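Hydrogens, waters and symmetry mates play no part in the numbers below; they use all other heavy atoms, side chains included. Computed from a predicted structure; not experimentally measured.
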Amino acid sequence: MNKEKIMNARHQKTIGVVEDEPSHAILLRYNLERIGYNVEHFETGEEFLKHNNPNEFGLIIINVQLGDVDGLKLCETIRNKGIDVPILFLTTSFNQEQCSCILTQWIF
């Protein structure tokens, strides 16, 4: 296996978690690591955007209601930077209009 394939396999097992609630971040990290994923936690959207290479993640999990920035705006910023990593949103509220906007703008 060449070096590039090894690096890609490693990165696909790394999940970036943007979560400002410590107890949620701990539970996510614990459960994801338990099933074999590496987790890199970011407490703020700004902290995530300062990361050297967000494209290294196989998945990014974002809390929609972050303290410093709206998770949907963070997604927009991520996509505008050309980062094409799958994004999973976490939320405790549900707004069908907001979800439809996400699906049409950022996923398709």
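- Among residues two or more places apart in sequence or in another chain, the side chain to side chain donor-acceptor pair (under 3.5 Å) test is passed with D20 by none.
- In this structure, CD in E40 is found 11.0 Å from CD1 in I60, a value given to the nearest 0.5 Å.
- Scanning both residues, D68 and E46, for their nearest heavy atoms gives OD2-N, 3.1 Å.
- Rounding to the nearest 0.5 Å places CG of L66 at 8.0 Å from CG of D70.
- Contact of the F48 side chain with the I78 side chain is registered, since non-hydrogen atoms from C-beta on lie closer than 4.5 Å.
- Transitive grouping of hydrophobic side chains (ILVMFWY, heavy atoms separated by less than 4.5 Å) brings I35 and L90 into a common cluster.
- Between I15 and N38 the shortest side-chain heavy-atom distance does not fall below 4.5 Å.
- More than 12 heavy atoms of other residues, nucleotides or ligands lie within 6.0 Å of CD in E47, so this atom counts as buried by the packing criterion.
- The minimum heavy-atom distance linking F42 with G16 is given by the pair CE1-CA, 4.4 Å.
- H41 places a side-chain N or O within donor-acceptor distance of the main-chain N or O of E19, the cut-off being under 3.5 Å.
- The NE2 atom of H51 sits 11.0 Å away from atom CG of L49, with the distance rounded to the nearest 0.5 Å.
- The backbone N or O of G71 sits nowhere less than 3.5 Å from a side-chain atom of N63 that would complete a donor-acceptor pair.
- Within the 4.5 Å cutoff, side-chain heavy atoms of L59 are placed close to those of L88.
- Put simply, the side chain of R79 gets close to the backbone of I83: a donor and an acceptor are under 3.5 Å apart.
- V85 is listed as a side-chain neighbour of N55, based on a closest heavy-atom distance under 4.5 Å.
- Annotation: side chain of I62 is not in contact with side chain of L72 (no heavy-atom distance under 4.5 Å).
- Closest approach of G58 and P86 over heavy atoms only: O-CD, 3.5 Å.
- Separation of atoms CZ (F57) and NZ (K13) is listed at 15.5 Å; rounding is to 0.5 Å.
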